[in-house]
S.K.: 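My structure is below; once you've seen it, I'll send some questions.
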Amino acid sequence: MWGDPLEDFKSWLISSPITLLFSTVLFSYGVFMLGGLTPRSTYFCSTLMNKRSYTVLMQWLGVFIDAVILIMLWRVLSWARTTKSRLRTLGGILILASIGVSALWLETRISRHHDIIGHHPFKGIGSLYFFDVFSTGLLVSTLIISTALWACDATVLEPTAIATFTSGMMGSVQNVLLIGTYLQPSSGPTLVALSIISVGFVMFTYTSDMKWIVVFKRVFLLGLLLSILVTSAIFAVTKHNKLESYHPVEDFVYRNRVEADRWLRHASVSTNLKLAVIEYKDRHNGRDPPPNFDKWFQHARKHKSVIIDKFDQIEKDLRPFWGMTPQQIHIGFEKLRGLPDIGIITIANGKVSHNRPKDIYAESMLEETLYMIAPFAEHLPDMSIAVNMKERPRILVPWDDVHRLTMAGSQSRFQLLPNRLRTRRGDDPVPPKGNLMDEPRALLGSAAQPYVSAKKFQQLKALACPPGSAARGGVQWDVRDFCPSCVKPHSQAQFLEDWEMFLDPCHQPDIFNLHDFHTTPHLDDLHQDLLPLFSRSKTDSFSDIIFPINNIWAFLETETTSFDKKKDIVVWQALARESSVMTPQSLVGGHRHRLLHLVNNASATDKLTMLLGVQADGKTKFRYEQTSAKEANGPLPFEFALTNPAEQSCDQGASCQKLEREFGFREGEEARKVLDYRYVMLTDSADGPPAHLLPALRSNSVPVLSSIFREWYTERLLPWVHFVPVDLRYHGLHSTMAYFVGLQNRGPINGRPQPMAGHLEDARWIAEQGRKWAGKAIRGEDMEVYMFRLLLEWGRIISEDRDNIGFKLPE
């Protein structure tokens, strides 16, 4: 007797392998779709190096190998008929895997002993390390054993499907919560992916006859998914249609205007010597100012320095050296004295001299520095200092050692007692025995290496971050996707808010893939011991002492063209020869190359998010929208160029040839002519900060700055007041510049004209503030004041009697 055809078709549909395959593919595609909704970084694929077909082939090969491993493991365990034998088999597999992993770990540790400077293969391994290894291993083993036994009782597809579904749902819900932000400006694709994952997995539970999903009944899962879908749809509608009344940059400009006034009041509290001494002691835990502080104060007042009390950079740079004895510092100096590319400045009996290096450029730099020091050399104690003649910083000390030295130097060395006359007693604290500088001098002599690969360089910089920080966990491996957690601490949405936080690399591990400084080898001597080396600039990972070395571009004749008469263009240019050292990573991930690709070479698939204006209630309001990079570049007046002067040829340089094929060369402007534009984009070189930042500040142009380096005046510059900050990832570049230049009457974006007018008054104000501040606080005289203060502090640190000396007001 024939049954009901409809019931027969229903039974076949539920039990058919075709339906099982379709449902599996359906929700797997939903999870795959979810990956496509993740914002992309500006790391790009080069046609010179990356073959799309090869990349796709490797991805599918990886999927195939993973599937083979899972199926083989399932079959091996299935042959074992009892739970006991399965556990025995699993135990053997896990032991063999542990041995293999341990061997690889040991090999890595030993290889790092040879490749990384001064690195001991088992340094940093203690009880906490072994506890972490044991607890993590126990957790992973439990997960593997539970999943394997589950697969034996069911099929390998069931736990795999549930894991895929769970990760997909978590990602989908997270994306729903981000709707309306720059990370998920559109609600449609997010809801579609969520729906596909939900429907596909429900179909899978019926076709595979799963009545229970782990500990939940299937009917409970159906109700939960339905409620998530409905709630997500309602949430998406409310968020997607929400418009912002104010542009974030408008708020930044206002708030930082107030902050600039507060900062200046804090930096210039003292109006006389007595107040300066009191303020110094308050800011330095009761420590007296260094000897001849009164002479420094007179010098600062004579040269009309507006900064009297705030020298935080000096304090930060010198603090670890209080944890070392003067003898240890001297040993470090003697080590530096014998190295190449180190200039030696000697101050003796009020006279200043240097060691006459062979390099003409280095000699001219030292001559300029001597000329700066000479007016106050008579007030300085005798000393010799080592100056880094290279642009790159060179002292990269692990965080643990810097922290230990800092703590040793701060342990009750200075007491809050007036008119003290301290002598060292037997119970005074001494630096800990684990101090790197306690090593024999012979060992110090071997702790340097003239070449460090980019990979090893990144590992060393990770060690310079505190335990628990994101960077200490390792370099971000995912270069394709944008890292929201990396920018959140220093940003408000797309826009860079906290410049000081941005300069700290320890919460943003992705930055090690996004700057030439990190993606190219370190070709100069690099040291992991704390040595007293003075350098022009550094990143926050390094322990060099920042030294105000003259920049030949810094104090040229000031450009006087008014802001309104300048060309309404955002200009940037770089020389091809600055990329003479290039790796595959720096070609596609270097900060200058990514900027060029984003603006000049964007492909049809490159997308970005912009904060665009929308007319509502007769006013211009704002919301984030996704658009193609090409379409976003159209209305904005970018003129970015990689230049190669006619007298220089690419015939002999492989790096130059690659750059020419990838980006092409354009005719560039002279350095002075660049300041004829209203907006000057400034980026670092591969080794140091922008060379033309000070000229841009002193002009009537708006400096648009993207940098990871600190110089002596960095702490004096405030974002959105003296310059426009741009994150190194450039994800907010277009939205930032659109605020200033405007999009009105400049062409359509997303198929419609844009109503947002430019804010020239804010741009003009920033240009004026930068010019005025540079003429007030970043003059040649201010360099002298900074240098005088730095050398006074250093002279006390290296004194044998440093705990007893200091400036005191007369009774």
Side-chain angles (χ1 to χ4, degrees), residues 18-45 52-53 55-64 66-67 70 157-208 213 221-222 224-237 239-240 477-485 603-610 624-629 631 731 750:
I18 297 176
T19 311
L20 178 63
L21 177 63
F22 175 77
S23 63
T24 304
V25 171
L26 184 63
F27 82 81
S28 298
Y29 177 73
V31 177
F32 176 76
M33 260 187 75
L34 192 67
L37 299 178
T38 305
R40 297 290 186 257
S41 74
T42 47
Y43 206 95
F44 64 95
C45 291
R52 178 179 175 82
S53 57
T55 302
V56 173
L57 176 63
M58 290 296 101
Q59 289 173 336
W60 279 109
L61 181 61
V63 172
F64 175 75
D66 289 342
L70 287 173
L157 186 59
E158 187 173 313
T160 305
I162 291 177
T164 304
F165 166 74
T166 304
S167 62
M169 286 300 297
M170 291 175 63
S172 296
V173 172
Q174 185 178 23
N175 280 354
V176 168
L177 296 175
L178 293 172
I179 288 175
T181 69
Y182 77 101
L183 296 171
Q184 291 295 329
S186 177
S187 60
T190 303
L191 293 178
V192 169
L194 177 62
S195 302
I196 290 176
I197 294 171
S198 302
V199 172
F201 189 72
V202 168
M203 289 178 60
F204 176 82
T205 60
Y206 278 95
T207 54
S208 59
I213 294 83
L221 177 67
L222 288 173
L224 179 63
L225 290 178
L226 183 61
S227 64
I228 290 176
L229 283 170
V230 172
T231 305
S232 298
I234 296 172
F235 180 83
V237 170
K239 283 292 185 179
H240 182 65
W477 62 269
D478 184 4
V479 296
R480 184 197 70 169
D481 295 331
F482 179 74
C483 177
S485 62
S603 65
T605 58
D606 288 331
K607 305 288 185 182
L608 56 83
T609 301
M610 284 187 70
Y624 287 104
E625 297 182 30
Q626 189 178 67
T627 184
S628 71
E631 192 172 9
H731 60 289
N750 285 346

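What's counted below: heavy atoms across the whole structure, side chains too, no hydrogens, waters or symmetry copies. All of these numbers come straight from a predicted model, not from anything done at the bench.
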S.K.: With no hydrogens and no angle check, is any side-chain donor or acceptor of Ser232 less than 3.5 Å from a backbone partner on Leu229?
M.R.: no
S.K.: Without hydrogens or angle criteria, can the side chains of Thr190 and Gln184 be said to hold a donor-acceptor pair below 3.5 Å?
M.R.: yes
S.K.: Classify the ring geometry of His731 against Phe482: parallel below 30°, tilted from 30° to 60°, perpendicular beyond 60°.
M.R.: tilted
S.K.: Roughly how far, to the nearest 0.5 Å, is OG of Ser172 from CG of Leu37?
M.R.: 8.0 Å
S.K.: Verify the ring-centre separation between Phe204 and Phe27: is it less than 6.0 angstrom?
M.R.: yes
S.K.: Quick one: does any side-chain atom of Asp66 pair with a main-chain N or O of Val63 as donor and acceptor, under 3.5 Å?
M.R.: no
S.K.: Under 4.5 Å between any side-chain heavy atoms of Ser208 and Leu20, yes or no?
M.R.: yes
S.K.: Counting N and O atoms only, with roles assigned by atom type, does the side chain of Asn750 sit under 3.5 Å from a partner on the main chain of Glu625, one being a donor and the other an acceptor?
M.R.: no
S.K.: Using only atom types and a distance under 3.5 Å, with no angle test, would you say the side chain of Ser41 pairs donor to acceptor with the backbone of Val479?
M.R.: yes
S.K.: Stepwise, does the side-chain contact (heavy atoms from CB on, under 4.5 Å) test hold for Arg40 with Asp481?
M.R.: CA-CA 4 Å; Arg40 297 290 186 257; Asp481 295 331; 2.9 Å; yes
S.K.: Measure the spacing between CG of Leu226 and CG of Leu222 and express it to the nearest 0.5 Å.
M.R.: 8.5 Å
S.K.: Using a 3.5 Å distance criterion without hydrogens, assess whether the side chain of Thr231 forms a donor-acceptor pair with backbone atoms of Ile228.
M.R.: no
S.K.: Roughly how far, to the nearest 0.5 Å, is CZ of Phe201 from CZ of Phe165?
M.R.: 5.5 Å
S.K.: How close do Pro189 and Met33 get, heavy atom to heavy atom, and via which atoms?
M.R.: O-CE, 4.0 Å
S.K.: Would you call Leu26 and Met203 a side-chain contact if the rule is heavy atoms closer than 4.5 Å?
M.R.: yes
S.K.: Does Phe235, at its CZ atom, have more than 12 non-hydrogen atoms belonging to other residues, nucleotides or ligands within less than 6.0 Å?
M.R.: yes
S.K.: What's the shortest heavy-atom distance between Gly168 and Val31, and which atoms?
M.R.: CA-CG2, 3.9 Å
S.K.: Enter the distance from Thr164:OG1 to Ile197:CD1 here, rounded to the nearest 0.5 Å.
M.R.: 10.0 Å
S.K.: Determine whether a donor-acceptor pair (N or O, by modelled atom type, separation under 3.5 Å) exists between the side chain of Ser187 and the backbone of Ile179.
M.R.: no
S.K.: Between Ser603 and Asp606, do the side chains contain a donor N or O and an acceptor N or O under 3.5 Å apart?
M.R.: yes
S.K.: CZ/Arg480 to OG1/Thr38 distance, rounded to the nearest 0.5 angstrom?
M.R.: 6.5 Å
S.K.: Could you state the interatomic distance from CZ (Phe32) to CG (Leu34), rounded to the nearest 0.5 Å?
M.R.: 11.0 Å
